[in-house]
Amino acid sequence: MSTQPLRERRSIWRVGPDSTWTMVLPVLFVIVSLVALAVLPVIVGNHTARMRDQITRIAEPARRAANEIQVGLWTELDKVMAYQVTGERQYRDDYHTLLMQQIRDYAVLRKLGPQLGDDVNRDLITLISATQRWHAGVTAGEFLQRQLPAEVFMTRLFERHPSYELALRSAGQMENEIQAAANDRLAKIHNAERLNMALTIFLTLLALTSALLVAGLGRQTRLLAREAVRRRKEAEREAGEAKIARAAAENEERRAAFLASAVQELTSSLEPDRTISALARLFVPNLAESCTIDIAEPDGTLCRRAAAHRDANIEREMQREVGRVVAQPDRIEERPSVLSIPLMSRGQRLGMVTAAAPAGYVFTREDRQLAEELARHGSLAIDNSRLYRDSQQAVRAREEVLAIVSHDLRNPLNSITLAGSLLHESQNLSKDDREQLEILELSAKRMKRLIDDLLDVTRLEGGKRLPIEPAPFEVGPLLAETYELFKPQAASASITLRYHVADGVPPVNADHHRVQQVLSNLIGNAMKFTPKDGIVSFRADPQEDGKVVFTVADSGPGIPKEHLDDIFNPYWQAKRAERLGAGLGLPIAKGIVESHGGQIWVESEPGRGAKFYFTLPVAKKDAVVSSPQEAESRAHR
């Protein structure tokens, strides 16, 4: 029998598998390399076969379809001109035949295009849009409805020719992209074949190197085994030393986990009574046998607000005392089995927690520290719930007062507006009287807008979203309408007003009246701060994330960096001495945009003007787009 100690024999036995794996690993490398050498050509062959099949089955038919579209577009113009010259219906029928062929080609491209990449798919969308504009121009120009006078025909053809040229360029680009996709796949085939060759060489060298390493690993394995035995002994010694530290860490971790869950439970409700009851349930049974919580009333007396006990029957008896006034002691009596901890927040005493230990148990210093920490979190939660309750009551009171005042103000305003409308019908008013009457009506409208703005800001400050009625509508008419609205004001202030709608801007799903309110607020602000002979511009552009971004820019003095974080706050103004408004426009604009699920932000440098941006969601493709009149009518309703 071996005289080797049992502990050492067990250590070597445990190291044995590591040594075996160290020797087996190079052998596995050899086997894996040989298997890879056999399998890799099959995988690469299948991959290249699939790529060639894609070129034959997808790329080539798609390229032919794109080429037929391009040839068809060339032929379309000939048919249109032949019809205008001869008036024979055959050319018009040939034109419609070409359109049907294009539809079939588009169907082929829609089916195959997505398989060739995003660039081909994007060019297909551009091509369809361009050809649709050209075909729509042919229809709008009556090129195939009747023979037009030569001057009229050439003029209209000249007007529509840019869309025709765009369609031809788009078809050529489409064919080039498809050819590029096919070339890309050919390049991938060549790269795969080169990679196969390189991997074959690499795996061969790896197998040879692994075979050479097998012979030299035996000795190395024995050395590693002895080193492992030595390190394991050191680890066993260190494990004994770390056991005590681990126990202390686990205790601290349990304490931290308990406090974390306690904070979560205390902050789960903003009702003071529920928070106080939750604090009592956390003391029992986690820290004490029973617990009572007495809260200070406004007159300084203590009132019992919660009680808990491990025994449900005793707890029901204790709950009967909840709500009674408790005599406040002059000093707190400390006993080993009872903890009396004051509830303090913001330097004020909120009340008292009294916790009793189970029979025969004495609270330790760690118990008291944990109880004081729990009471501190409970004090903050109770104070926060009270503050929240007071703020909610104040908000409700303010909303009620504002609603009453706004209602009472609207009645005389409506009377003023009605009286002004009746006076406009009078034939006996002089020019000066009519000017004064217009000033009166403008003032009444401004007062109505201020009342609406105050109500909107009140909703936003109360954490509510502004009411909106979203519906699909086009962006172009909205910007044109806004331009006409501000054009007289810009002319009187000697300010250049511009707007632009980028190509491809889709309809948005939004509240027409509210969006115009946002634009009016931003443009009105821009004109206030733009000097004479300045420029105010606004535009709309599509985004790739399914939204439309609107931009309002001015050439004014800009906004200092220290004010950029404040401009969307209610009642704030950059130049308060000038009193250019109530400071409600930007907060309301922010609330309207966020109610639509969009974002609003500003970019500015002093001396270079300011740019305001906001985004709106795009309407669904199958949505029915409303006209500006329908959107405005729905907003008034």
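Values in this document were obtained by computation on a predicted structure and should not be read as measured data.
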Heavy-atom donor-acceptor pair, Asp184 side chain to Ala180 backbone, under 3.5 Å = no
Under 3.5 Å, is there a donor-acceptor pair between the Glu76 and His135 side chains?
-> yes
Leu282 and Ala262: which non-hydrogen atoms are nearest, and at how many Å?
-> CD1-CB, 3.7 Å
Only pairs at least two apart or in different chains count here, so list each salt bridge (Lys or Arg N to Asp or Glu O under 4.0 Å) that has a residue in residues 598-615.
-> Glu605-Arg608
Reported CD1-to-CG distance for the pair Ile592 and Asn521, which is rounded to 0.5 angstrom | 6.5 Å
Test ring pair (Phe, Tyr, Trp, His ring centres under 6.0 Å) applied to His161 - qualifying residues, sequence neighbours left out = Tyr164
Rounded to the nearest 0.5 Å, what separation is found between the OH atom of Tyr388 and the OG1 atom of Thr275?
-> 12.0 Å
Could you tell me which residues satisfy ring pair (Phe, Tyr, Trp, His ring centres under 6.0 Å) with Trp601, sequence neighbours excluded, listed by chain and number?
-> Tyr613
side-chain contact (heavy atoms from CB on, under 4.5 Å) partners of Leu564, counting only residues at least two apart | Ile559, Val602, Ser604
Between the CD atom in Gln70 and the CG atom in Leu127, the distance rounded to the nearest 0.5 Å is 9.5 Å
Under the salt bridge (Lys or Arg N to Asp or Glu O under 4.0 Å) test, residues paired with Lys620 that sit two or more places apart = none
Please test Gln516 against Thr482 for side-chain contact (heavy atoms from CB on, under 4.5 Å), starting from the C-alpha separation and ending with a verdict.
-> CA-CA 7 Å; Gln516 191 174 61; Thr482 307; 3.9 Å; yes
Only counting residues at least two apart or in another chain, list the ones meeting side-chain contact (heavy atoms from CB on, under 4.5 Å) with Arg169.
-> Glu165, Leu166
If the plane angle is over 60° it's perpendicular, under 30° parallel, otherwise tilted; pick one for Phe614 and Phe550.
-> parallel
Find the distance between CD1 (Ile58) and CD1 (Ile178) and round it off to the nearest 0.5 Å.
-> 11.5 Å
Judged by atom type as modelled, is there a donor-acceptor pair below 3.5 Å linking the side chain of His596 to the main-chain atoms of Asp511?
-> yes
Give a yes or no on whether the backbone of Thr126 and the side-chain of Ser129 come within a donor-acceptor separation of less than 3.5 Å.
-> no
Determine yes or no for a side-chain-to-main-chain donor-acceptor pair under 3.5 angstrom, with Ser555 supplying the side chain and Ile535 the backbone.
-> yes
By side-chain contact (heavy atoms from CB on, under 4.5 Å), which residues pair with Arg122, not counting sequence neighbours?
-> Asp119
Does any N or O in the side chain of Gln84 come within less than 3.5 Å of the main-chain N or O of Leu148, such that one atom is a donor and the other an acceptor?
-> yes
Can you pull the salt bridge (Lys or Arg N to Asp or Glu O under 4.0 Å) pairs that have at least one residue in residues 261-273, sequence neighbours excluded?
-> Asp273-Arg305
Which pairs count as side-chain hydrogen bond (donor to acceptor under 3.5 Å, both in side chains) when at least one residue sits in residues 487-499, sequence neighbours excluded?
-> Glu484-Lys487
Qualifying salt bridge (Lys or Arg N to Asp or Glu O under 4.0 Å) pairs, either residue in residues 129-141, two or more places apart | none
Contact list for residues 534-553, test side-chain hydrogen bond (donor to acceptor under 3.5 Å, both in side chains), sequence neighbours left out | Arg539-Asp541
More than 12 heavy atoms of other residues, nucleotides or ligands under 6.0 Å from CD of Glu562: is that the case?
-> yes
In sequence, state the C-alpha distance, the side-chain angles, and the governing distance for Lys528 and Asn525, and then conclude on side-chain contact (heavy atoms from CB on, under 4.5 Å).
-> CA-CA 5 Å; Lys528 289 176 185 177; Asn525 264 5; 4.0 Å; yes
Check whether any side-chain N or O of Asp383 sits under 3.5 Å from a backbone N or O of Ser379 as a donor-acceptor pair, and report yes or no.
-> no
Would you give the length of the straight line joining atom NE2 of His377 to atom CG of Leu279, rounded to the nearest 0.5 angstrom?
-> 11.0 Å
Rounded to the nearest 0.5 angstrom, the CG-CD1 distance for Leu485 and Ile523 is 8.5 Å
Any donor-acceptor pair under 3.5 Å from Asn67 side chain to Arg63 backbone = no
With sequence neighbours excluded, residues passing side-chain contact (heavy atoms from CB on, under 4.5 Å) with Asn509 = Pro470, Pro472, Ala619
